[in-house]
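Chain identifiers are assigned alphabetically (A, B, ...) following the order of the sequence lines, protein sequences preceding nucleic acid strands; residue numbering begins at 1 within each chain. No hydrogens, no waters, no symmetry mates; every other heavy atom, side chains included, goes into these values.
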Amino acid sequence: MSAFPSPQAVQLSSPPPPPPPPPPFSKHLKCTAARGSCRPPLCSLISNPAISTSTAAVDKNHVIQRLCEKGELKRALRVLSQEPDPTQRTYELLILSCARQNSLCDGLCVHRHLLENGFDQDPFLATKLINMYSELDDIVNARKVFDEIHERTIYVWNALFRALALADHGPEVIDLYRRMNQVGIPSDRFTYSYVLKACVVSEGGLLLLKKGREIHAHILRHGYGGHVHIMTTLVDMYARFGCVKCAGIVFGEMPEKNVVSWSAMIACYAKNGMPCEALELFRKMMLETHDLLPNSVTMVSVLQACAALAALEQGRLIHGYVLRRGLDLILPVISALVTMYARCGKLDRAQQVFDKMDERDVVSWNSLISGYGVHGFGEKAIQVFKEMIISGISPSPISFISVLGACCHAGLVEDGKKLFDSMVREHRIFPSVEHYASMVDLLGRANRLDEAAKIIEEMRIEPGPKVWGSLLGSCRIHCNVELAERASARLFELEPMNAGNYVLLADIYAEAQMWDEVRRVKKLLEARRLQKVPGRSWIEVKRKIHSFASVDELNPHIEQLHALLLKLSMEMKEDGYVPQTKIVHYDLDLEEKERILLGHSEKLAVAFGLINSAEGETIRITKNLRLCEDCHSVTKFISKYTKREILVRDVNRFHCFKDGVCSCRDYW
DNA sequence: ATAGGGTTAG
């Protein structure tokens with residue numbers, strides 16, 4: 001053996017059994033050698049230490065680069081292990097490759113290697129490493145790279161800001177940003193984008209809104225007030241804080257706007273409960289800009305707005321536009337279409353659009369599951385949920401919100417409990433406040449209030465207002481004063497300014513004829529200067545959205561609508577309808593109470609729909625609150641008398657009225 | 001010298 005100059009030569013002359021742990025290049029060499037081709041030059045170059053290593057290093061660098069480009073990370077690493085003289089470029093390629101291949105352990109290995117080879121203080125590589133760890137979700141190591149590097153260029157700072165912002169570590173970014181300013185490193189245009197993002201990705205609430213405003217001031221002071229990217233991020237920041245006004249001001253003052261800026265503002269309206277404004281702005285964009293074409297992101301927000309308004313006609317127009325533009329190939333757009341059709345009451349269309357997709361992700365499935373859920377088709381929703389898993393897509397936390405919600409609307413208590421169990425056990429998803437709230441809803445509505453209360457007691461996280469709110473809502477349905485008092489006491493602490501909670505409690509007391517308590521709660525409401533969110537309903541007629549408030553004296557059609565409702569209610573009374581005047585708490589006589597009931601926004605919208613549509617046409621209405629009991633029974637009657645299908649979507653589900661019955665089977 | 005940013009479905 002010792003007589004042979006190199007391992008390669010050994011293999012050549014004694015071809016047989018086990019070619020031991022092959023050093024990186026052996027495979028290649030062996031192949032060419034076996035075919036007896038160009039062996040001598042390359043082989044001797046690498047194996048002969050007499051020949052300059054630097055030539056070999058450049059060569060190997062080249063090989064590493066080629067391997068990285070081809071995604072052959074493992075082989076590239078094997079070459080690296082033999083590399084006597086790696087360069088910055090070598091490491092850069094490997095780091096990028098590890099990030100792309102999603103391989104944390106290889107990333108760590110490359111990191112260790114570069115530390116051992118004198119690149120531990122290279123700011124360029126530090127930037128790349130931080131980016132890599134960020135992509136591999138290892139924020140601890142990203143931070144460590146930052147802590148250990150002495151020369152922190154703006155690139156290094158920005159990379160860490162970006163990494164922390166993506167990982168929801170907002171407050172940490174703000175803290176570091178302050179330190180950066182103290183050290184005297186000036187921000188650049190990238191810094192502002194990342195830091196603004198950090199303001200909204202944290203739990204800080206108002207505190208960080210203040211911070212965001214400060215940064216807004218920095219931006220203006222440093223002359224970036226006309227920078228499209230930064231200004232758009234600002235619009236989005238205000239949007240996420242719910243400051244629609246501020247977002248609108250920034251947007252309005254932008255000297256230059258592009259598609260992204262318009263999309264951000266449209267999304268702002270769509271996400272903050274102002275769908276009409278979203279559609280209006282979209283129209284404006286189409287009319288006023290000549291060189292800007294809406295893209296898939298724009299369309300998603302526009303479809304959301306249509307969905308929120310149950311504006312089927314507009315939604316169909318948008319669908320047509322999406323097809324013409326070829327945007328129907330983009331996954332989020334199709335999912336938004338599925339949601340739009342489902343929320344406009346066209347489940348069959350939603351299913352059709354879904355069926356035509358040739359690729360589906362978890363969001364597409366969630367759209368369909370929640371679609372069936374809000375329509376009260378609990379079993380179908382569970383079936384779709386199971387099909388999703390069979391198709392190889394694992395459920396996300398939102399999948400469970402959707403499917404649990406479906407169980408809740410359909411009263412499928414046992415199925416819901418089983419799914420909730422499987423969530424942790426099989427899918428390793430830990431329930432969030434929303435999941436618990438859904439379970440409390442499920443049990444509470446089914447009049448299993450004790451079990452619902454027990455769920456809250458056993459929660460491993462702090463039960464937030466959503467959870468207590470669900471319990472209070474259930475107490476309202478089943479008239480449980482004692483539990484309602486417990487839940488509302490917590491709610492008044494957690495969100496003292498939410499009028500809805502006081503109203504619910506007052507409703508419960510009223511139901512129990514506890515008038516003193518009703519008055520006490522009302523006084524509380526007045527003392528805190530709170531007002532109940534006024535009920536509103538919407539209906540689309542000839543592609544125009546009409547909006548109705550309760551007891552809408554300003555509405556130009558009010559007399560006509562009231563007359564029609566009065567006429568219908570007389571007929572209904574003969575048929576056994578009794579106005580639910582007990583839900584009107586004002587101290588009024590019966591006749592006035594009936595008048596108030598008849599003026600509820602959803603009844604006005606139904607009447608408007610009856611007058612303004614052809615006989616037999618379906619009427620679609622959306623409401624911003626829950627449908628009231630009286631409106632529910634009145635709409636049942638109306639659907640029978642007028643032989644109309646009436647779809648009402650309230651805040652949490654669909655009611656499909658037909659021939660005097662509702663699809664919710666009075667369970668809601 | 002080199003490097004990177006904004007809007008997105010349930």
Side-chain angles (χ1 to χ4, degrees), chain A residues 87-89 92 95-96 122-132 134-135 153-163 165-166 187-197 200 224 227-237 239-240 247 250-251 254 257-271 278 285 292 294-304 307 327 330-340 342-343 350 353-354 357 360-374 381 385 388 395-403 405-406 434:
Chain A
T87 61
Q88 189 193 47
R89 174 73 180 151
E92 184 196 358
I95 291 168
L96 290 175
D122 183 327
F124 178 79
L125 289 180
T127 308
K128 294 289 173 193
L129 280 169
I130 292 172
N131 289 338
M132 178 193 80
S134 165
E135 261 175 70
T153 61
I154 189 66
Y155 286 101
V156 176
W157 283 97
N158 286 347
L160 186 68
F161 289 155
R162 176 170 176 267
L166 284 174
S187 304
D188 69 2
R189 60 214 150 98
F190 296 99
T191 318
Y192 293 120
S193 293
Y194 300 136
V195 177
L196 285 176
K197 247 208 147 32
V200 284
Y224 285 110
H227 195 286
V228 188
H229 272 77
I230 298 178
M231 288 296 112
T232 304
T233 317
L234 260 178
V235 169
D236 180 58
M237 181 198 75
R240 282 171 204 263
V250 175
F251 179 75
M254 284 174 75
K257 301 180 182 90
N258 62 19
V259 193
V260 183
S261 330
W262 284 89
S263 306
M265 193 62 216
I266 293 171
C268 168
Y269 285 131
K271 289 230 152 136
M285 174 185 174
L292 298 185
N295 61 21
S296 64
V297 182
T298 327
M299 298 326 289
V300 167
S301 293
V302 172
L303 284 168
Q304 259 178 36
L327 296 171
I330 294 165
L331 224 50
V333 176
I334 318 178
S335 301
L337 277 168
V338 171
T339 304
M340 185 274 290
R343 310 230 323 148
V353 173
F354 180 86
M357 301 176 74
R360 301 182 184 109
D361 66 359
V362 67
V363 182
S364 340
W365 286 95
N366 291 349
S367 304
L368 194 64
I369 294 168
S370 81
Y372 280 110
V374 289
F385 177 84
M388 170 178 81
S396 69
I398 305 285
S399 313
F400 280 99
I401 304 238
S402 307
V403 77
E434 278 83 8

Inset, instruction - Any chance you could measure A:Met265, atom CE, to A:Met285, atom CE, to the nearest 0.5 Å? - result: 13.5 Å
Inset, instruction - Using a 4.0 Å heavy-atom cut-off across all strands, classify A:Lys257 as base, sugar-phosphate, or nothing. - result: nothing
Inset, instruction - Please determine if a side-chain N or O atom of A:Gln304 lies less than 4.0 Å away from the OP1 or OP2 oxygen of B:dT8. - result: no
Legend entry - Centroid-centroid under 6.0 Å between A:Phe124 and A:Tyr155 rings: no
Legend entry - Face-to-face contact A:Phe190 to B:dG4 six-ring, under 5.5 Å, under 30°: yes
Inset, instruction - Check whether the side chain of A:Asn158 and the base of B:dG5 form a donor-acceptor pair under 3.5 Å. - result: no
Legend entry - Phosphate OP1/OP2 of B:dT7: any A:Lys197 side-chain N/O under 4.0 Å: yes
Legend entry - Ring centroids of A:Phe124 and B:dT2 base under 5.5 Å with planes under 30°: yes
Inset, instruction - Answer with base, sugar-phosphate or nothing: what part of the nucleic acid does A:Arg189 contact at a heavy-atom distance below 4.0 Å? - result: base
Legend entry - base_contact_polar (B:dG10 base, A:Ser396 side chain, donor-acceptor, <3.5 Å): yes
Inset, instruction - Could you tell me whether the phosphate oxygens of B:dT8, OP1 or OP2, come under 4.0 Å of any side-chain nitrogen or oxygen in A:Arg240? - result: yes
Inset, instruction - Mind checking A:Val228 for me? I need base, sugar-phosphate or nothing, with any heavy atom below 4.0 Å counting as a touch. - result: base
Legend entry - cation_pi(A:Arg189, A:Tyr224) dist<6.0 Å, angle<=45: no
Legend entry - Short side-chain N/O contact from A:Thr127 to OP1 or OP2 of B:dA3, under 4.0 Å: no
Inset, instruction - Using the six-membered ring for Trp and the full ring for Phe, Tyr or His, decide whether A:Tyr155 stacks on the six-membered base ring of B:dA3 (centres under 5.5 Å, planes under 30°). - result: yes
Legend entry - Nearest-nucleotide pick for A:Thr232, side chain only, options being B:dG10, B:dG5, B:dG6: B:dG6
